[in-house]
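Notes follow the structure.
To find a chain, count down the sequence lines: A is the first, B the second, and so on, and within it residues start at 1. Remember, predicted model here, so these are calculated numbers, not experimental data.
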Number of protein chains: 2
Amino acid sequence: MTKIDDVARLARVSTATVSRALRGLPTVSESTRARVLAAAEQLGYTASPSASRLAGGRTGTIAVVVPQITRWFFGTVVDAAEETLREAGYDLLLYNLGDQESNRRQLLHASNLQKRADALMLVSTPLSEAELATIAQLRLPGVTVSSGAAVPGWPSVRIDDVGAARAATAHLLSLGHHRIAHLAGDASAELSFTTHIDRRLGYQQALLAAGQKPDPRLDVEAQFTVDGGSQATLDLLSRGEPPTAIFAACDEMAMGAMSTLRSAGLRVPQDVSVIGLDDHDLAAAVGLTTVAQPAATHGRLAAGLLLDPLAGRPRATSASIILPTRLVVRESTGPPRSG
Amino acid sequence: MTKIDDVARLARVSTATVSRALRGLPTVSESTRARVLAAAEQLGYTASPSASRLAGGRTGTIAVVVPQITRWFFGTVVDAAEETLREAGYDLLLYNLGDQESNRRQLLHASNLQKRADALMLVSTPLSEAELATIAQLRLPGVTVSSGAAVPGWPSVRIDDVGAARAATAHLLSLGHHRIAHLAGDASAELSFTTHIDRRLGYQQALLAAGQKPDPRLDVEAQFTVDGGSQATLDLLSRGEPPTAIFAACDEMAMGAMSTLRSAGLRVPQDVSVIGLDDHDLAAAVGLTTVAQPAATHGRLAAGLLLDPLAGRPRATSASIILPTRLVVRESTGPPRSG
DNA sequence: CTGAAAGCGCTTACAG
DNA sequence: CTGAAAGCGCTTACAG
């Protein structure tokens with residue numbers, strides 16, 4: 001591997017000058033810079049990241065933490081963030097929390113993060129008090145995407161979960177539904193996971209605004225996945241008279257619900273309407289009505305918010321971005337039979 | 001940040017001993033090791049990765065390259081690989097190639113990789129001759145997942161794409177279909193991308209074995225996505241008499257096809273049968289018949305193949321793993337109307 | 001605008 | 001089993 005000395009020798013300058021020229025620092029004459037670039041090019045030189053990091057104190061890396069990369073929203077956020085970060089020259093270190101709580105603790109341990117990344121992007125990742133305190137003390141720049149922890153001093157990119165859930169439920173109400181079920185995220189599993197709580201809140205608010213009292217028997221918790229949606233729907237059906245409509249807290253659950261309803265001999269939307277929240281890649285294909293949220297935009301904007309302070313620039317945008325959602329009506333919702 | 005000297009001072013040993021004790025090298029007495037561990041614990045010490053990498057020559061990082069993290073197969077492979085790698089103490093550096101060819105070239109440039117990662121996992125990533133040569137010359141350990149490049153000396157984990165496609169097509173043939181279309185990956189877009197070629201080959205082999213001549217008008221190319229499947233199906237329908245069955249090269253395309261067929265007023269499977277290849281998370285929910293491939297197993301095994309040589313162990317498994325596929329019959333396939 | 005020298009925080013022969 | 005010292009390949013004040 002060629003190193004900086006090789007380039008310096010060939011360009012007849014010091015290693016300090018090579019370092020400056022290659023990083024585009026302004027204190028290098030044009031002719032020198034040209035000579036250095038030519039030498040580096042000729043030798044196929046790239047600085048060793050380990051050495052740069054140690055000497056410079058910056059890692060050139062952003063750590064991105066997601067609950068599970070296979071879920072639509074998280075995959076899409078990471079996809080968009082990766083592109084933005086790479087264009088800016090940053091590497092993306094992926095932390096996929098998975099199910100294991102032990103995994104979580106270890107990953108979010110301070111010393112692990114601070115020495116590995118210049119900044120942190122937490123996607124839908126709740127934090128304990130202790131974790132929050134540690135991160136605050138590290139003074140690591142960061143951004144949160146979607147709900148989860150609110151880290152003091154960090155910007156956030158998210159939607160109005162309460163409002164989106166309200167809109168989804170209101171759509172069902174406007175069609176004349178009176179028995180509207182909710183498939184909620186499992187609030188107990190992930191500490192202070194506000195997404196689940198907020199969406200349930202929006203659901204309840206919409207019902208109350210329409211003069212309906214939320215019925216706990218129509219409100220079931222499950223995993224935020226296709227299987228979770230299926231299980232929750234089975235659960236719902238086993239409780240007796242089925243609802244006339246279901247608001248699932250995410251599209252994956254909604255698709256699981258649609259599938260289970262059909263297997264149970266119920267037609268969607270004639271017997272039961274289903275609405276989700278996301279606008280998953282496949283929502284259009286399965287005719288799912290949903291409240292769309294712009295996942296890629298989350299990732300792109302969050303990455304941008306991280307880059308500004310890292311480059312020493314003031315943040316271009318305000319600290320907290322609430323992205324718009326919109327109702328997309330497809331074939332999975334309609335008026336109730338008796339409506 | 002506490003550094004190794006702090007620990008050494010507290011434990012009353014040299015930094016060399018701290019380094020050895022913490023990494024579990026055998027040449028440290030038990031009592032010394034205990035003292036060092038206690039000191040490190042007390043100070044909350046973790047070694048600086050940059051310094052370790054520079055001094056030790058290892059990065060503790062695996063670079064994982066995927067075409068697009070949002071696609072089911074790739075997301076699932078990365079999810080499984082991440083878990084295995086993290087358990088072994090490795091970081092995962094994600095390279096999401098995306099659409100941009102320029103991106104590709106830069107990422108796969110030798111100097112970029114060798115200094116950033118100890119090993120490389122290429123998922124469905126074709127390489128040019130030049131890239132292959134560079135990688136071979138780097139002597140970087142690696143593994144390929146799914147088809148793409150065959151790097152000399154690297155193990156691979158994949159399915160038999162030709163056989164899987166043959167099985168999918170044979171299923172349609174066995175139901176009595178005579179006009180079987182194929183939605184293929186866009187072979188021209190990604191150099192030497194053998195997955196697309198192999199699946200088309202299997203399709204053609206099955207037809208020929210049944211005495212049917214492949215009809216180019218029933219063989220359309222598209223993106224490996226839901227939208228790609230929709231577009232290709234529209235294309236197919238615009239060519240005149242529709243096929244009685246469609247074999248889509250992946251489930252996402254198959255789901256796009258199902259959706260477009262229904263929008264066009266064609267029933268699945270009564271008017272047109274559809275079979276995919278993957279067993280996507282949502283395949284069961286939409287009743288898609290498919291040839292299942294174990295995506296998570298790909299990721300887990302590939303990560304394992306990488307870890308053995310990195311730990312200096314001989315590889316536990318043979319160099320080339322062909323994982324089994326299996327036909328999963330659901331509701332999207334049936335006999336042709338006139339059959 | 002450029003260079004000599006120190007230093008980033010570890011690991012690794014080399015000795016003992 | 002342990003330590004002193006060199007070295008990994010850069011970047012950064014400090015001088016000029």
For [X] and [N], what is the distance between atoms [atom1] and [atom2] respectively, to the nearest whole Å?
X: B:I4; N: D:dA4; atom1: CD1; atom2: P; value: 14 Å
X: A:D5; N: D:dG7; atom1: CG; atom2: C1'; value: 12 Å
X: B:Y45; N: C:dT11; atom1: OH; atom2: C1'; value: 11 Å
X: A:R33; N: C:dT2; atom1: CZ; atom2: P; value: 9 Å
X: A:D6; N: D:dC10; atom1: CG; atom2: C1'; value: 13 Å
X: A:K3; N: D:dG7; atom1: NZ; atom2: P; value: 11 Å
X: A:L25; N: C:dC1; atom1: CG; atom2: P; value: 12 Å
X: B:R9; N: D:dG3; atom1: CZ; atom2: P; value: 14 Å

Item to complete: Answer with base, sugar-phosphate or nothing: what part of the nucleic acid does B:T27 contact at a heavy-atom distance below 4.0 Å?
Response: base
Discussion item. For a quick check of understanding: with a heavy-atom distance under 4.0 Å over all strands, which category does B:S50 fall into, base, sugar-phosphate or nothing?
Written reply: nothing
[X] has a side chain; which of [options] sits nearest to it?
X: B:K115; options: D:dT12, D:dC10, C:dT2; answer: D:dC10
X: B:T15; options: C:dT2, D:dT12, C:dT11; answer: C:dT11
X: B:A55; options: C:dA4, C:dT11, D:dG3; answer: C:dT11
X: B:R58; options: C:dT11, C:dT12, C:dG3; answer: C:dT12

Under-4.0 Å side-chain N/O to phosphate OP1/OP2 contact, [X] with [N]:
X: B:T17; N: D:dT2; value: no
X: A:R23; N: D:dT12; value: yes
X: B:S14; N: D:dT2; value: no
X: A:S52; N: D:dG9; value: no
X: B:S29; N: D:dT2; value: yes

Worksheet entry | Comparing B:P26 and B:L54 on DNA chain D - which has the more 5′ nearest nucleotide | B:P26
Practice prompt. For A:A51 and for B:S31, locate the closest nucleotide of DNA chain D by heavy-atom distance; then report the residue assigned to the nucleotide nearer the 5' terminus.
Written response: B:S31
Taking the side chain from [X] and the backbone from [Y], do they hold a donor-acceptor pair closer than 3.5 Å?
X: A:N96; Y: A:I69; value: yes
X: A:K115; Y: B:S50; value: no
X: B:T61; Y: B:T59; value: yes
X: B:D6; Y: B:K3; value: yes
X: A:R33; Y: A:A21; value: yes

Practice prompt. Decide yes or no on side-chain hydrogen bond (donor to acceptor under 3.5 Å, both in side chains) for A:R23 and A:S19, but give the supporting numbers first.
Written response: CA-CA 6 Å; A:R23 284 178 299 144; A:S19 175; 3.0 Å; yes
Item to complete: Could you let me know what C:dA15 is paired to, Watson-Crick or G-U wobble, both distances under 3.5 Å, or none if it's on its own?
Response: D:dT2
Fill in: Base D:dG3 paired with B:R20 side chain (donor-acceptor, <3.5 Å)
yes
